[in-house]
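Keep in mind that the numbers below use all heavy atoms, side chains included, and drop hydrogens, waters and symmetry copies. The chains referred to below are lettered A, B, ... by the order of the sequence lines, with proteins before strands, and numbering in each begins at 1.
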Amino acid sequence: MERKSYLKTLNLSSDESAGGPDVSTLDGSFGFKSDLANLRTAKACVEYNYLTIFSLECHVLTRGELCPNPDFDGIVAIFYAVQNNVPEEEGVPTHVSGVIIDDMFSADAGLKHSGVEINAIHAETEKELFEKFTEVIKYWDPDILLGYEIEMNSWGYVIERGYVLGINMPNALSRLRISGPESKKTDEDKDFEVEYESELKIPGRIVLDVWRLMREEIALTSYTFESISYHILHRRYPKRSYRDLTKLWHSPRSRWIVLEYFQLRSQGTLEILDQLDLIGRTSELAKLFGIQFFEVLSRGSQFRVESMMLRMAKPRNFVSVSPSIQQRAHMRAPEYLPLILEPESRFYVDPVIVLDFQSLYPSMMIGYNYCFSTCLGRVEHLGGTEPFEFGASQLMITPEQVKKFLKRDLITISPCGVIFVKSHVREGVLPRMLKEILDTRFMVKKAMKIHTSPSLQRILHSRQLGLKLMANVTYGYTAANFSGRMPCVEVGDSVVSKGRETLQRAIALVEANPKWRVRVVYGDTDSIFVQVPGRTREEAFRIGEEIVKAVTADNPKPVKLKLEKVYQPCILQTKKRYVGYMYETPDQKEPVYEAKGIETVRRDGCPIVGKTLEKCLKILFETKDVSIVKRYVLRQFTKILSGKANVQELIFAKEFRGLNGYRPGACVPALELTKKWKQTDSRKEPRKGERVPYIVVNGPPGLPLIKLIRSPHELITDEGLKINAFYYIQKAIIPPLNRCLLLIGVDVNDWFANMPRTATFLPAIGKESTGMLTSGKADVKKSTISQYFARTSCAAGCGNQTSDGICDQCVREHPQKTLLTIFNRVSTLERKYCGVMKICQLCCGSERDTNCSSLDCPVLFVRTQAWRERKHVDYVMNALKNRM
DNA sequence: ACCTTTTCCTAT
DNA sequence: TCAGATAGGAAAAGGT
């Protein structure tokens, strides 16, 4: 009844679902008709999950440059996108989006211009907007609530704003109807909440903070919506400031831009999850581990291991111990470390075979029956009459028992002196579990080869990945110390020490065989790098296979060495840092560049460092000609020195750990910028875990680096700021480059020192500074002293240096020619500027003067630069007028 | 100038 | 980083 009447308000009658939604299917009772074919049911279960997902964005009118603040700023529009994952036959619309607008002044304004169809609901006041919104939620009854960022925006803002208006939104959004008075919160409860920053919870629904999920999903330097949608959806979205959005909203002619902006975003958030199949994969893991959907995302790996392990333990009548914190703290410290060889650091032209043990630690546990349930403790404790320390607990083995075990040869001793019974005495719970996991994974992989339907492939893939994950973290569970729920050093140490011994034995076996004539040059925990001097790659592959056979035969099942790849050539830098050209099969023609640990795979440098390094290595690997590398490097340096480098590639971005996440006095760019922002806007504080971008600018010598840190946005608005080319070259690019090139006897510092300096610098404009994004306000920033020293080439192109934009000689001696040159430059730059603007508009799809300000915008900095150049010529023209 | 500590991120 | 583990390298700042 309620829903029916609501349909009209929702304006859904024109929706693609001809008959309108079948209301009965909306509240979770999806009983299949009995006559439905089983096959179809099965197929549907694979293809559809019957979940309703509700993505939300809200538009807030803000004050000046400030971020939205629920204490002052009202919500004027709530945008949503709903996805129903059901078969078409269900008769429920699968994709719907809409907006609830508070427009007391101008109903319908903006919508007419839009050309985009948005289901709109109108409200007279903000309070009414909240009520309508609650009704929309009740109507769709979503299982999952989505927001790109839900702490300060979307759901978080709606809830906080609700409190200001006296509405308890968490209650209103909840699926559980809490009757009676609202749950009262004591002061203590509140303290508790603040201290642990409890995440947003809506009873009965799952709330997902998409950017946080993305942070775990992929490694990127930025997790803004624009950046994620570019990398996942390969789609550019414009970014607009709150100030611009507020301005655009106020004019009926431009309001549609705001509507479209948020509608696209609420849909985009849904599409990102869809593209990654995040819901599907998470449900798959939940089924696999036997835990709840949200627990897959919110809980750690211990929880997963425990869930599976206890399932295995129960039928065997085992109960897990629950040591207290004191007991855990009392446990002995682990003694064994994984084996990491110090690599022979150099450039290898010979093929280098990389072999590694497949799931070494799980194999150790299976192969030697290492488990809580099979461990008898340390050799020295055995056969005493007193209980001894064991894990976080105690254990006692009587002399009689020991005698019996010894006499019948029923025990094994791990390299760290811990005794386990053999598997025919008792098969350990963990070994059994791991064996099943590995076997299942093998079966799943086999099934993947048979079944080729994409949706099934996806499911099987995530299933086998989950199994691999589980196998790998099981060791961690036994070795966890401070956070561990049931740690046991004896078991953990045995696994590490046996793994170490296995690796060492393999290394010895490889080096001892004179037939192969090879050397082990590096190894880390479960891998060995074998140099094959003076032979071809084909031979290397053949020798590799022989090694695999020999080592595998030398170990118990299921321990298996695998030929992972052959590098040729490669550079071993240090432990955990190496690069090479990789061949995975003997008949592979084109190698694949692969790097581990070095700057090309790290996110703590700026992109230009990684790119330059990668390019250099590729040139080096392909041509083995250092002069070509040198030519490339010097060209890069020139580009940076002349200010022509792409500023986006100069942006560093590091994770912000929260205002309380640092030691007092910590000197961290992200913290420094945050403190500066907080002075003017308390809501501008980055979220914990957010990556804060920054650049390094020029400044007087002697200043610590931290004083030269600016946000990229400042670089755009403050024309006095210039990129610190010397920092980028000498501190950022050269050291990583040198770590590779010094190994072949080349010092990039020398290249730089002997470089011809004909660098021209970007002109700095003094007083006319009206930042492009500061709306021409008279906020002239007196910036770094560097701008006063700026001397540039004469604009007339005579080659003289001048601080007036144009030199006296040109003005006095041939004014006609000078004027012509300048006019020509003006028109050239004007064309260039218009061209750049066109590209920007093309990408953002919006009209003139409403370009985006996203740091991910491909032309943002080019635009700024073009604008400045044009501005500079204006300045020169003015100067010229006065002097002629 | 050298050493230590803190921070950040990666390999296994 | 209300919780798998440790090893490891490098940059920056500050102390001696």
Results of side-chain contact (heavy atoms from CB on, under 4.5 Å) for A:R657 - residues two or more places apart only: A:Y662

Taking any heavy-atom pair under 4.0 Å as a contact, classify [X]: base, sugar-phosphate, or nothing.
X	answer
A:L360	nothing
A:P735	sugar-phosphate
A:R485	nothing
A:T600	nothing

Ring centres under 6.0 angstrom apart (A:Y370, A:Y475): no

d([atom1], [X]; [atom2], [N]) in whole Å:
X	N	atom1	atom2	answer
A:L430	C:dG4	CG	P	17 Å
A:L671	C:dA12	CG	P	17 Å
A:L705	C:dG14	CG	P	11 Å
A:L737	C:dA11	CG	C1'	17 Å
A:Y477	C:dA3	OH	P	14 Å
A:R500	C:dA7	CZ	P	11 Å
A:E599	C:dG9	CD	C1'	9 Å
A:E335	C:dA5	CD	P	19 Å

No-hydrogen, no-angle side-chain donor-acceptor test under 3.5 Å, A:E594 and A:Y567: yes

Most 5' of A:Q302 and A:K575 on DNA chain C, judged by nearest nucleotide: A:Q302

First of A:Y475 and A:P338 reached from the 5' end of DNA chain C, by closest nucleotide: A:Y475

Under 4.0 Å protein heavy-atom contact, by nucleotide of nucleotides 6-12 of chain B - B base, S sugar-phosphate only: SSBBSBS

Geometric class of the A:F529/A:Y522 ring pair [parallel <30°, tilted 30-60°, perpendicular >60°]: perpendicular

Side-chain ion pair, A:K688 and A:E655, N-O less than 4.0 Å: no

Electrostatic pair A:R378-A:E389, nearest N-O below 4.0 angstrom: no

Could you measure between the two [atom1] atoms, the one in [N] and the one in [M], and give it in whole Å?
N	M	atom1	result
C:dA3	B:dT5	C1'	25 Å
B:dC8	C:dC2	C1'	22 Å
C:dG4	B:dT4	C1'	29 Å

NZ or CZ of A:K498 within 45° of A:Y368 ring axis and under 6.0 Å: yes

Does the side chain of [X] get closer than 4.0 angstrom to OP1 or OP2 of [N] through an N or O atom?
X	N	value
A:N481	C:dA3	no
A:S483	C:dA5	yes
A:Y727	C:dA12	yes

Exam field: side chain A:R311 to backbone A:S307, donor-acceptor pair closer than 3.5 Å: yes

Closest to side chain of A:S301, choosing from C:dG4, C:dT1, C:dA12: C:dG4

